[in-house]
Amino acid sequence: MARNPFYDGPVSDHFDGLRFHSPSEPPANGLLELAWMNAVKAARYWPTVTPPARFDRPPRRVGGLRISMIGHASLLVQVGGTNLLIDPVYADRLGPVPGTGPRRAQPPGIRFDDLPPIDAILITHNHYDHMDIPAILRLSRRWEPRIIAPLGNDVVIRRHDPGIAVETHDWGERAILSPRLAVHLEPAFHWSGRGVADRRMTLWCSFVLTSPGGGVLYHVGDTAYGDGSIFPRVRARFGRPDVAILPIGAYEPRWFMQGQHVDPPEAVQIMLDCGARRAFGHHWGTFQMTYEAQEAPPLDLARALDDRDMPPDCFRPLGPGMAVELPWR
């Protein structure tokens, strides 16, 4: 394809005029490797669908910080009186055609009708496990939240509703959400694509939330560890995060996944690199995307923390329906 149908901005250090790239771009896996990986995964089905231990019923607003897990990479972050949904996915399956793709193994930990008023939706990238178009349209019709995403993703969403408003930003840019809260887009070692011909034609990102009082929350949707260069830069630019929300799942086999997803030991290393005071793990247990067992990420995370002589409560995995309340500056 000679033209990018989603974005036609200027060439930069991470956009070559056609495709975006990470600071350390891994080689892409081929179609044969993908087919082989999916064939083996199909023989390792997770257990049948089970409900979460609890369904969260979040308050309407909070003055501090409350993080609630919907499932996989979907979270409700209530901070400083503002309600944010990050990568909201309510679909039963992940795929370009209804009824295809990985099936949800746990119901959403917050029922849609139990959501509080949503002020903004933050989208890290356009993979189906992070961008659920029907959910975004439903949320937009209900509350008309601001939708903030990396470059090019406005076109992806507006193909389904031309009237929907989507704000897009580049790495290093920010959006002011309220007098008490800003969101910054930062790099991740990942990629994008919803079909066979649009790989890396829209940008992906991590988010950093900051407040005038000095509060810092670092959220990573998907990332590889790469050369590790982007994680200390978060601390250098914003200060030590009070909280990091980091992916801990979809990491096996490493020969296939290491260029796009961290494993739990690498997630612990990211926590140390950025200097986060505490961390919470997401991106596990809801959709079977890779080889590891459903319960493997928390177990591997516990081993990784023990190997570093770090207390288990400094980095906790979040499952659907789990919520934590923390102070916020």
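- Counting heavy atoms from C-beta on, the side chains of Thr82 and Arg180 never come closer than 4.5 Å.
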Between Ile118 and Arg142, does a side chain to side chain contact (heavy atoms under 4.5 Å, CB included) hold up when you go through it step by step? CA-CA 9 Å; Ile118 301 302; Arg142 185 159 185 173; over 6 Å; no

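- Between Arg159 and Asp154, no side-chain nitrogen of the basic residue sits less than 4.0 Å from a carboxylate oxygen of the acidic one, so the salt-bridge criterion is not met.
- In this structure, the separation between CD1 on Ile121 and CG on Asp87 is 10.5 Å, given to the nearest 0.5 Å.
- Both Met131 and Trp143 are assigned to one and the same hydrophobic cluster, defined by single-linkage of ILVMFWY side chains at heavy-atom distances under 4.5 Å.
- Residues passing the side chain to side chain contact (heavy atoms under 4.5 Å, CB included) test with Gln258 are Arg254, sequence neighbours excluded.
- Atom CD in Gln288 sits 11.5 Å away from atom CG in Leu94 (nearest 0.5 Å).
- In this structure, Phe315 has its ring center at least 6.0 angstrom away from the ring center of Phe280.
- Between Asp242 and Gly214 the shortest heavy-atom distance is OD2-O, 4.0 Å.
- When Leu185, Leu151, Ile123 are each tested for a side-chain contact (heavy atoms from CB on, under 4.5 Å) with Thr168, only one passes: Leu151.
- Ser68 contributes no side-chain N or O that, together with a main-chain N or O of Ala323, makes up a donor-acceptor pair within less than 3.5 Å.
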Evaluate ring-ring contact (aromatic ring centres under 6.0 Å, His included) for Tyr291 paired with Phe256, printing each intermediate quantity in order. CA-CA 10 Å; Tyr291 281 10; Phe256 187 89; 8.5 Å; no

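- Among Thr124, Asn153, Thr202, the one residue that satisfies the side-chain hydrogen bond (donor to acceptor under 3.5 Å, both in side chains) test with Ser192 is Thr202.
- At least one side-chain heavy atom of Leu65 sits less than 4.5 Å from a side-chain heavy atom of Leu217.
- Contact check for Ile67 versus Leu76: no side-chain heavy atoms found under the 4.5 Å cut-off.
- The side chain to side chain contact (heavy atoms under 4.5 Å, CB included) check on Asp227 picks up Ser24, Phe189, Ser229, with sequence neighbours excluded.
- Other residues, nucleotides and ligands place no more than 12 heavy atoms under 6.0 Å from the CD atom of Glu144.
- In Arg146, the CZ atom is crowded: over 12 heavy atoms of neighbouring residues, nucleotides or ligands sit closer than 6.0 Å.
- Aromatic pair Phe15/Tyr7: centroids less than 6.0 angstrom apart.
- The two residues Pro23 and Ala188 make their nearest non-hydrogen contact at CD-O, 4.4 Å.
- Under 4.0 Å is where a charged nitrogen must lie from a carboxylate oxygen, and between Arg303 and Asp306 no such pair does.
- Ring-centre distance between His127 and Trp191: below the 6.0 Å cut-off.
- Among Arg237, His184, Arg329, the one residue that satisfies the side-chain hydrogen bond (donor to acceptor under 3.5 Å, both in side chains) test with Thr210 is His184.
- A donor-acceptor pair under 3.5 Å links the side-chain atoms of Trp171 to the main chain of Trp204, judged by distance alone.
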Report the C-alpha distance between Leu84 and Leu181 in whole Å, list the side-chain angles of each, state the deciding distance to 0.1 Å, and finish with yes or no for side chain to side chain contact (heavy atoms under 4.5 Å, CB included). CA-CA 11 Å; Leu84 309 173; Leu181 191 66; 4.1 Å; yes

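- In this structure, Asp119 pairs ionically with Arg61, as a charged nitrogen and a carboxylate oxygen lie closer than 4.0 Å.
- In this structure a side-chain-to-backbone donor-acceptor pair under 3.5 Å is missing from Arg278 to Cys314.
- Atoms NE2 and NE2, on His72 and His130 in that order, are 4.5 Å from each other to the nearest 0.5 Å.
- A distance-only check finds a donor-acceptor pair linking the side chain of Arg104 to the backbone of Ala91 [under 3.5 Å].
- Atom CG of Asp313 has more than 12 neighbouring heavy atoms from other residues, nucleotides or ligands inside a 6.0 Å radius.
- For the pair Asp198 (side chain) and Gly195 (backbone), a donor-acceptor distance under 3.5 Å is present.
- Residues Asp273 and Met271 have side chains not in contact (no heavy-atom distance under 4.5 Å, counting atoms from C-beta outward).
- Separation of atoms CE (Met289) and CH2 (Trp46) is listed at 9.0 Å; rounding is to 0.5 Å.
- At a threshold of 4.5 Å between non-hydrogen side-chain atoms, the residues Cys205 and His125 do not count as touching.
- Around the CZ atom of Arg93, the shell of radius 6.0 Å holds more than 12 heavy atoms that belong to other residues, nucleotides or ligands.
- Atoms CD1 and OH, from Ile245 and Tyr218 in turn, are 11.5 Å apart once rounded to the nearest 0.5 Å.
- In terms of modelled atom types and a separation under 3.5 Å, the side chain of Trp284 and the main chain of Gln294 share no donor-acceptor contact.
- At distances below 3.5 Å, not a single donor-acceptor pair connects side-chain atoms of Arg66 with backbone N or O atoms of Glu325.
- By the 4.5 Å heavy-atom criterion applied to side chains, His160 and Ile136 are not counted as neighbours.
- A salt bridge does not link Arg138 with Asp132: every distance from a Lys NZ or Arg NE/NH1/NH2 to an Asp or Glu carboxylate oxygen is 4.0 Å or more.
- The closest side-chain heavy-atom distance from Leu75 to Leu85 is not below 4.5 Å.
- Within the 4.5 Å cutoff, the side chain of Val262 has heavy atoms near those of the Pro247 side chain.
- By the side chain to side chain contact (heavy atoms under 4.5 Å, CB included) test, Ala304 is found to be paired with Pro265, Val268, residues two or more places apart in sequence or in another chain being considered.
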Start with the C-alpha distance between Asp16 and His21, add both sets of side-chain angles, then the distance that settles side-chain hydrogen bond (donor to acceptor under 3.5 Å, both in side chains), and finish with yes or no. CA-CA 8 Å; Asp16 63 12; His21 57 87; over 6 Å; no

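- Put simply, the side chain of Glu292 gets close to the backbone of Glu252: a donor and an acceptor are under 3.5 Å apart.
- Panel note: side chain His261, backbone Tyr251; no donor-acceptor pair is recorded below 3.5 Å.
- Hydrophobic clustering (side-chain heavy atoms under 4.5 Å, transitive across Ile, Leu, Val, Met, Phe, Trp, Tyr) groups Val208 together with Val220.
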For the pair Val243 and Leu209, evaluate side chain to side chain contact (heavy atoms under 4.5 Å, CB included) and give the outcome as yes or no after the intermediate values. CA-CA 10 Å; Val243 178; Leu209 300 174; over 6 Å; no

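- Ring to ring, Phe207 and His219 are not that close: their centroids are 6.0 angstrom or more apart.
- Residue Arg194 places its CZ atom among more than 12 non-hydrogen atoms of other residues, nucleotides or ligands, all under 6.0 Å distant.
- With Asn126 contributing its side chain and Gly193 its backbone, the two residues share a donor-acceptor pair below 3.5 Å.
- Separating the CG atom in Asp263 from the CD1 atom in Ile248 is a distance of 11.0 Å, to the nearest 0.5 Å.
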Working note: Gln260 + Asp222, criterion side chain to side chain contact (heavy atoms under 4.5 Å, CB included); need CA distance, chi angles, decisive distance, verdict. CA-CA 7 Å; Gln260 50 195 311; Asp222 273 348; over 6 Å; no

